[in-house]
Structures are given as C-alpha cells and as structure tokens.
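Accompanying notes for the structure given below.
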Amino acid sequence: MHDTRFNPIKADATWQAAWEKAAIFATPAADDPRPKSYVLEMFPYPSGRIHIGHVRNYTMGDVLARFRTMTGHAVLHPMGWDAFGMPAENAAMEKGVHPGTWTRANIAAMKAQLLRLGLAIDWSREFATCDAAYYGHEQAMFLDMFDAGIVYRKESAVNWDPVDRTVLANEQVIDGRGWRSGALVERKKLNQYFLRITDFAEELLTGLGELDKWPDKVRLMQENWIGKSEGLIANFSLVGSEQGVEVFTTRPDTMYGASFLAIAADHPLAQSLAANAPELATFIEQCKQGGTTAAELETAEKLGFNTGLSVQHPLDPDWHLPVWVANFVLMDYGTGAVFGCPAHDQRDLDFARKYGLPVRRVVADGDATDADFDGDIAFTGAGAIVNSHWMDGMSVAAAKAAIIARAEHDRWGHAKVQYRLRDWGISRQRYWGTPIPIIHCDACGVVGVPRDQLPVVLPDDVDFATPGNPLDRHPTWRDTNCPKCNAPARRETDTLDTFADSSWYFIRFASQPQDAPFSRAEAESWLPVGQYIGGIEHAILHLLYARFWTRALHRMGKISITEPFAALFTQGMVTHETYRDATGNWLSPDEVRDENGVLTSLDGGAVTRGRVEKMSKSKKNVVDPDGIIDQYGADAVRWFMLSDSPPERDLLWTESGIEGCWRFVQRLWRLFDAAAESGDGARDMALDKACHRAIAGVAADIESLTFNKAVAKIYELVNAIEKSRVPASRHDAIRILPRLISPMLPHLAEEGWQALGGSGLVAQQSWPEHDAAMLVDDDVTIAVQINGKLRDTITLPRDASREVAQAAALANARVQAAIAGATPKKIIVVPGRLVNIVV
RNA sequence: GCGGACGUGGCGGAAUCGGUAGACGCAGCGGACUUAAAAUCCGUUUUCCCAAGGAAGUGCGGGUUCGAGUCCCGCCGUCCGCACCA
C-alpha cells in the first residue's frame with residue numbers, strides 16, 4: 001500500500017543500511033586523483049549519551065563532507081573517541097565499575113546514537129584514545145620529544161588533595177578546597193614532566209598569521225594567551241653585597257622614576273631572608289593565602305614588607321632604592337622582581353601611596369611636567385620623557401631603545417622578549433590515561449622505555465576502593481628492570497594529560513599503520529585538516545596544544561606541515577528555555593504544559609519561564625537526541641540544526657521550530673510523490689532561473705558554512721516550485737531537488753531520488769551544474785529615488801545604458817509629479833540598480 | 001582594569017562592494033476544505049496617519065556622502081576572553 005506520508009523511521013533505517021552495504025563512505029586511497037578534503041569535527045568524550053550540541057556539530061561537518069564528495073573531492077571524514085579522563089575514574093569510585101568497562105559501554109551507546117543521524121563517516125577508521133594501539137604510539141612520540149629535549153622534568157608545585165590523594169587542576173579547586181573531597185588543598189612539590197611549548201611561543205604566535213580561515217576571535221585569544229611583551233632585564237646590585245636582583249620591565253623609559261624594588265613572596269631572596277626573619281616568614285605565609293579568583297584580586301589590597309635591604313640604581317650607583325616583598329609580584333612571570341615606578345603604573349602607585357614611597361613623574365602628561373606627581377591615578381599614556389637627565393625630551397619609544405642600548409653597553413642589562421605562555425605540565429597522578437613511558441633507576445636515573453617494549457599498557461587489575469593513583473600501589477606493575485643496567489627499577493606511575501591524546505588524533509585518522517604513529521606520505525596527503533569544526537571552549541588549550549604538537553613533530557623532522565588545521569569553525573551552543581515551579585525547582589520541557597502562553601506543570605501548578613540557557617542537566621532544559629529522532633526522524637532534526645540561526649551563534653531549540661522542519665520534510669516528500677512523469681512542453685523561465693540560482697546559491701552557502709542561508713534558499717526554491725503551474729519546469733526542478741537537499745536531508749533525498757527514477761544512490765551523484773547565464777535576468781527592477789528616497793521602481797533591460805535608465809526615470813510619472821518641472825541638480829545612475837535624482 | 005564581538009519586526013534572522021531594509025523560518029491574524037479536529041491550501045503581518053497616498057524606521061547622538069543597517073567619531077547596553085603579566 002502506498003504511504004501517504006514520509007515515514008522517517010523506515011526510511012532512515014533503509015538508507016543507512018544501503019549506504020553501509022555500498023560502503024560509500026570509505027576513505028579513498030591516498031593516491032586518489034581527486035582533490036583531497038579532510039573534514040573533521042572535534043571528537044567526543046564518551047560520557048554516555050550524545051547531547052544535542054554533538055548533533056549540531058556533526059550535522060554541520062556531515063553536510064560539508066557530503067557536499068565535498070558530490071563536488072568531486074576525495075573525502076576523509078572520520079570519527080573516534082577522546083576516551084581517557086577523570087569521569088571514568090569517578091564512575092569507578094562511585095559505581096565500582098572499571099574505567100575501561102564504563103568507557104567502552106559509553107562508546108557503544110553513543111555510537112549507536114550517532115549512527116541514527118545517518119552521518120557520512122568512515123567508521124573503519126574509528127579508534128578510542130584508550131586503545132593501547134593508539135596510546136602506544138603516543139608514548140613513542142613522547143620518547144622522541146624526550147630525546148629531542150622538548151620534554152623535561154622539573155620539580156613544581158601542584159594543588160594536592162590530601163584526601164583523594166591526587167593532583168587537582170586549578171579549575172577543580174573551589175575556595176581553596178578540593179571539588180570532590182572538600183579537603184583543604186595543599187601546595188605540594190612534585191617531579192613533573194613538562195613540554196617545552198615556550199620554545200615554540202614565537203612560531204605559534206607568528207603562525208597565527210597564516211591561519212586566515214580561523215575566526216579572528218580565536219586567533220586573538222591565542223595571541224593574548226601567548227602574551228608576548230618586549231622589554232629589558234636589568235640587574236640591580238644589592239648594597240653591600242656581590243649579589244644583585246634581576247628585574248624585568250616593559251617600561252625601561254621610566255627608570256628615572258623608580259622609587260622601590262619589589263620581589264615576589266617566593267623569590268629566592270625573600271625565602272633566604274625569611275630563614276632569619278620570622279616576621280617576614282609570617283608575611284610570606286600571608287601572601288600565599290587569599291584566593292586567586294578575579295573578584296578577589298580586584299579588591300585585594302597591596303601588601304608589602306620592607307626587607308631593609310637596598311639596591312643601587314643602575315643609572316646612578318649613589319641612588320639607593322629600598323627592597324620590598326610585595327604580594328602583587330608574581331614569581332612565575334618575568335624574573336619575579338620589579339622596580340616600582342609609581343607615577344606611571346597603577347599597582348606601583350597604590351603601593352607607594354600606601355607605604356609613603358616617593359612618586360616621581362618622568363613622562364609628561366600634556367603640560368604636566370612637574371616631578372611631583374599628584375593624585376591616585378597613574379599616567380600610563382605616551383608623552384615626552386621629563387626629569388630624566390640625558391633622556392629628557394625623548395619619546396617613550398626612543399627612550400626605551402636608548403636605555404636598552406645603554407644597559408647592554410654598560411653590561412647591567414639586556415633586551416628581553418617575555419611570554420605569558422608557560423610550559424605545559426603533562427603529568428597527572430591518575431590511572432585512566434596514557435602511561436608515561438619512563439623507568440626510574442637508582443643508578444641510571446630517568447630512562448626511556450625502549451621502543452620495542454611499547455606500548456606500556458595500563459594494568460587491568462586495579463582497585464579504586466582507596467583514594468589515590470592505583471598505579472602507585474599496584475603490587476607488580478611498577479616493578480621492572482632498568483633497560484640500561486638491568487638493575488631492579490620502577491616504572492613512572494604518572495599518566496599523560498588527556499590533552500596530549502587529542503593533540504595528534506587528527507594525524508592518526510589520516511594514517512594508521514600498526515608499527516608507527518602514522519605514515520608520513522599518507523598523513524601528508526590528507527593534512528592539514530581542510531575544515532575543523534567544534535566548540536569555542538577549545539579556542540585556547542586544545543587548539544594550541546595540537547598546533548604545538550604538530551610543530552614539535554615538524555621540528556623533529558617527522559612531518560612537513562606546521563599547522564594542523566587550515567580552517568577552523570567554532571559553532572554556537574544549542575539553548576532552550578528554562579522552567580521553574582512555584583517552589584523554584586527546575587522543570588524539564590516535558591513537565592510543562594503551554595496553553596496560549598500560560599505555563600502550568602502537569603499537576604496544574606504555576607510555572608515561571610526562565611532565561612534561555614545552554615542545555616544542561618542541572619537546569620533540566622535538555623532534549624534527548626534519541627527522543628526527537630524517534631519522533632521526527634533524523635532529517636527533520638538535521639534540518640533544524642541547520643536552520644534559522646547562523647552556525648556560529650547559539651541555536652534556540654523550540655517545539656514549534658522542529659515541527660516546522662517536520663512539516664517541510666513532508667512537503668518535500670509530497671512534491672516527490674506527486675511529480676509529473678514528463679518534462680516536455682512550455683517552460684516557466686522564472687522557475688528555471690530560480691532553480692539555477694538555488695543550485696549556485698546553496699553550493700556557495702555550504703562552502704562558506706552559512707547553512708542557515710542555504711536552508712532559506714531551498715525554501716525559496718520549493719515555494720517557487722509549488723507556485724508554478726508549468727509542468728515541464730516543475731518536472732525538472734523537482735528532479736534537481738534530491739541532489740540539492742542530499743547533504744542536509746540525506747535520507748529523504750534518497751527516497752526522492754528513488755521515487756523519481758534515479759539510478760544508484762543520490763549520495764554518490766554529482767552536485768547539479770548550474771548555467772551561469774541563467775543566474776542573470778534579462779530585465780531588472782531599478783529603484784527610482786529622489787534625493788535618495790525611493791519613489792518608484794521601473795523595469796528595464798539588464799544592459800540598458802545610463803542614458804536609457806536616466807530617461808526612463810525622468811519620464812516616470814511619480815518623478816514628474818515630484819520635481820514639478822524643475823531641472824534636477826544632479827542625476828546619479830547606477831546601471832542595473834538605481835537612478836537617484838537630486839533636486 | 002585590558003582586549004574583542006554584537007545591537008535590524010512579536011521571535012530567530014537576511015541584506016556578499018555604501019545603492020529598492022525586513023529574504024527565509026517561527027509565532028500571530030483572516031479565510032478555504034471538514035459534521036468536527038488534525039493535516040493541507042490561500043491571503044495577511046515594521047510602525048504611524050490610513051481610502052488614496054504619505055511619513056518615520058536597523059540601540060542613542062553626531063558626521064562623511066547624491067545615497068548609510070553597512071564607513072567615521074562619541075555614548076548606552078548585552079555577551080565573550082584574559083587578568084596584580086611589571
């Protein structure tokens with residue numbers, strides 16, 4: 001029996017099976033002659049369920065991948081799992097399930113959900129980062145970097161949770177306490193591995209310049225994160241000592257305005273003084289307390305402790321400056337010491353006013369050149385240098401250069417480029433991560449695991465009953481022999497930060513030999529990723545680490561590319577209204593009834609409408625992808641993900657919106673179902689042209705990822721088809737539609753393609769060609785303006801001359817009435833657009 | 001505090017180069033079909049005076065231009081990133 005409606009449940013399953021059977025999403029060979037197109041969406045963490053944000057992300061990538069295939073590209077469109085990380089260990093502790101078991105089950109569940117979307121993914125390349133076959137290669141690369149000096153080991157302070165016996169990231173410390181245990185977090189020194197990303201700071205910065213297909217916003221965020229600043233390192237000699245204090249400044253031009261030296265609480269000089277000065281020791285302790293949140297720093301008072309020491313001013317040895325320990329100086333930026341120039345730095349001014357230190361103007365603020373500086377607002381602008389002896393009258397820039405030259409000549413300082421970026425600490429005292437392939441030997445020290453003993457596999461028999469890292473207390477796993485001297489030795493029990501796993505997965509997708517991380521030729525045939533799509537939340541860390549990892553491989557001669565992602569797109573979130581009942585509890589959308597805008601709960605209680613927010617479990621404003629696919633089918637859901645909102649902005653999920661998509665899917669299906677058999681007879685030029693415009697326009701919009709505009713153009717074409725009464729043109733236009741919608745509505749497109757007698761699968765067809773001549777109209781509507789205001793429109797041949805257009809405009813009845821016989825002062829003619837008559 | 005983005009109908013948004021503002025969708029309103037509903041179809045919807053025809057209009061105030069949503073200056077608002085970075 002003939003269906004009267006499109007049945008997505010049936011169609012989705014049918015066509016997904018057909019695609020799989022024909023293996024049409026298999027990646028072409030590396031030597032495929034077609035141009036390559038690598039489309040990649042950020043791979044998901046297997047938390048257990050796909051959420052709607054994934055659906056939006058993967059739909060966008062899928063549209064592009066399918067479109068690129070139709071336009072003659074060899075496409076790589078893979079998917080995998082960012083499978084290591086904390087949630088699996090938390091699940092292990094809470095539910096007693098092994099992290100691996102939990103993760104594998106989640107992957108299976110999420111893959112089943114993804115399959116329902118009908119994504120054009122080559123699943124044969126799927127992997128999870130917790131596969132030993134993946135992380136073993138990561139260990140090999142770690143060792144390469146170790147040998148190349150890119151990895152180093154350093155004692156460094158970490159946030160230590162004494163109850164959970166683990167290191168916490170800064171984000172996991174809330175009000176000084178561990179986010180899980182609630183225990184007071186301790187600062188603890190541990191030997192940790194670092195990647196020397198700061199060595200790459202300059203090239204990571206300049207490399208941003210060639211990423212012209214990245215959002216400016218992301219490039220700027222990375223630029224700020226790297227935080228390059230140029231200045232002077234100056235040595236201030238301690239009075240009565242051979243030693244000195246090194247200071248970094250970006251304002252050497254203000255050196256004659258110096259009034260004190262300030263060092264960080266954990267500066268070695270402060271530490272050594274504290275040994276014999278209990279008051280200072282107390283002060284240092286005080287500095288370490290107090291939060292580091294934005295609000296706290298905003299209001300934090302400047303605190304200082306006068307050490308009683310003084311230093312010589314490098315420009316005048318007779319001029320002595322007091323040395324203070326100050327809470328606003330950071331040990332891990334610059335040298336951990338600054339000279340205070342209160343007149344031209346707000347922090348220094350606050351500090352100087354509080355402790356009664358001199359405030360001396362050395363940069364003129366307009367007419368103000370007086371050495372005595374009034375007020376509590378520092379002058380940080382540019383101006384002529386004053387009260388600075390030989391530098392008086394110089395510009396700030398000239399003075400900086402002059403003083404750096406002098407410092408280098410007199411050997412008390414040198415120019416310095418300073419970066420905000422810190423080296424990447426990659427040690428984690430956790431189980432569920434890539435084991436760091438290092439062996440500790442009492443005689444030989446730190447020794448890399450020999451390549452032929454990789455992968456160092458995580459042991460399965462671990463227990464999470466006690467807090468801490470299970471690798472650390474495993475009865476046998478730690479024990480091994482030194483690869484060099486064969487003496488008993490210990491394995492490193494730390495694992496790698498999971499950001500390492502996601503720093504090269506895109507290379508592994510492109511090439512996955514067994515015996516190496518990747519084969520160079522094959523990887524380079526696909527890389528860099530042609531289009532990378534994901535959330536803005538990864539703007540800094542993931543994207544910076546992946547760029548760094550790629551450059552590290554490049555520096556070691558392993559790969560020729562330097563940038564992994566040629567184009568980046570950051571999509572917006574999916575949002576939904578929030579609801580609360582009378583007692584303030586969150587309600588989910590299906591617990592709320594809407595009758596003409598009046599909201600009630602299912603039991604009739606009052607409901608208030610809250611803000612539109614990102615879908616989250618805690619606010620209960622989520623829609624479950626499985627549920628909506630059950631109800632509307634994959635295509636309607638995909639269509640909604642692409643409609644209305646520009647992809648980089650947030651998308652508001654609404655019931656009425658998805659129902660509109662569902663209606664449109666049905667409308668298309670009716671068109672296919674009732675299409676005429678023959679395309680002979682008279683033509684409807686307007687429809688024929690609309691068709692060609694749609695083909696060209698939709699292609700351009702998919703290419704530029706403006707899917708909302710592509711959607712609008714398809715609506716326009718369908719509206720035009722439905723309005724037209726000319727069978728021949730309708731016949732042809734309807735036969736264009738399946739290919740046009742195939743990237744976005746792939747199941748319906750197959751259904752239509754089949755119903756209209758197409759052979760094979762529409763997913764394998766070429767994108768329809770458009771006739772450029774059909775994109776231009778013979779007649780154009782021209783605006784007739786008087787003094788820039790629209791008065792009428794006239795229709796003229798497209799190639800009408802200026803003279804013809806002007807004459808036609810002047811002959812227009814409304815123009816005649818408006819100018820009333822007067823002579824126009826000026827007439828502007830823009831051919832094909834408008835005539836503006838100035839009177 | 002520093003840096004950045006954005007502000008267009010009831011809502012999401014379109015307007016690619018400074019050239020007819022409001023495409024397309026949602027919601028609304030009126031109508032057709034129907035015993036009725038659903039579904040579908042037709043029409044309509046920036047505001048004001050409204051019959052015609054006008055006038056105003058893209059956060060606010062200025063400017064450049066024959067012409068500004070678009071460019072420039074100054075405000076206001078919202079959002080995002082970083083932050084005692086010397």
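Throughout, a chain's letter reflects where its sequence line sits, starting with A, and its residues are numbered from 1.
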Pull up the glycosidic torsion of G9(B) and say syn or anti, syn being anything within 90° of 0.
syn
For residues 826-839 of chain A, which residue pairs pass the salt bridge (charged side-chain N to carboxylate O under 4.0 Å, His left out) check, not counting sequence neighbours?
none
Mind listing the side-chain donor-acceptor pairs of residues 253-264 of chain A below 3.5 Å, one per line with the distance, residues two or more places apart or on another chain?
unit_1	atom_1	unit_2	atom_2	d
D253(A)	OD1	R251(A)	NE	3.1
D253(A)	OD2	R251(A)	NE	3.3
D253(A)	OD2	R251(A)	NH2	3.0
T254(A)	OG1	R251(A)	O	2.8
Y256(A)	OH	W390(A)	NE1	2.8
S259(A)	OG	P358(A)	O	2.9

Between side-chain atoms of residues 691-702 of chain A and protein atoms elsewhere (two or more places apart, or another chain), which donor-acceptor pairs fall under 3.5 Å?
unit_1	atom_1	unit_2	atom_2	d
H692(A)	ND1	D771(A)	N	2.9
D701(A)	OD1	T706(A)	OG1	3.3
D701(A)	OD2	A710(A)	N	3.4
D701(A)	OD2	K713(A)	NZ	2.7

Separation of G12(B) C1' from F640(A) CZ (nearest whole Å):
9 Å
Those residues of residues 331-351 of chain A lying under 4.0 Å from RNA chain B by at least one heavy atom
Y333(A), V338(A), R347(A)
F379(A) meets the ring pair (Phe, Tyr, Trp, His ring centres under 6.0 Å) criterion, sequence neighbours left out, with none
Applying side-chain hydrogen bond (donor to acceptor under 3.5 Å, both in side chains) to E230(A) and not counting sequence neighbours gives none
Rounded off to whole Å, could you give me the CD1-to-P distance for the I226(A) and G3(B) pair?
19 Å
Taking the C1' atom of each, how far is C66(B) from G54(B), in whole Å?
23 Å
Under 4.0 Å, heavy atoms only, any strand: does R791(A) hit a base, just the sugar-phosphate, or nothing?
sugar-phosphate
Nucleotide N/O to protein N/O under 3.5 Å, stretch nucleotides 79-81 of chain B:
unit_1	atom_1	unit_2	atom_2	d
C80(B)	O2'	K217(A)	NZ	3.2

For Y419(A), which residues count as a ring pair (Phe, Tyr, Trp, His ring centres under 6.0 Å) partner, sequence neighbours excluded?
none
What is the per-nucleotide protein-contact pattern of nucleotides 16-25 of chain B, from the 5' end, where B denotes a base atom under 4.0 Å from a protein heavy atom, S denotes such proximity for sugar-phosphate atoms only, and - denotes neither?
---BB--BSS
Among pairs that include at least one residue of residues 216-228 of chain A, which meet side chain to side chain donor-acceptor pair (under 3.5 Å), considering only residues two or more places apart or in two chains?
E202(A)-K228(A), D216(A)-R219(A), Q222(A)-R547(A)
Residues of residues 246-265 of chain A with a heavy atom under 4.0 Å from any atom of RNA chain B, listed by number, are F248(A), T249(A), T250(A), R251(A)
Going by distance alone, is a donor N or O of one side chain under 3.5 Å from an acceptor N or O of the other, for Q346(A) and D350(A)?
yes
Gap between atoms CZ and C1', on R670(A) and U40(B) respectively (whole Å)
6 Å
Would you check if the distance from the ring center of F351(A) to the ring center of W324(A) is below 6.0 Å?
yes
Starting at atom CD of E659(A), determine the distance to atom P of U40(B), rounded to an integer number of angstrom.
10 Å
Check RNA chain B against residues 690-706 of chain A and give the residues with a non-hydrogen atom under 4.0 Å, in numerical order.
none
Would D779(A) and R798(A) count as a salt bridge (charged side-chain N to carboxylate O under 4.0 Å, His left out) if you check the C-alpha gap in whole Å, the side-chain angles of each, and the deciding distance to 0.1 Å?
CA-CA 5 Å; D779(A) 292 325; R798(A) 170 166 46 89; over 6 Å; no
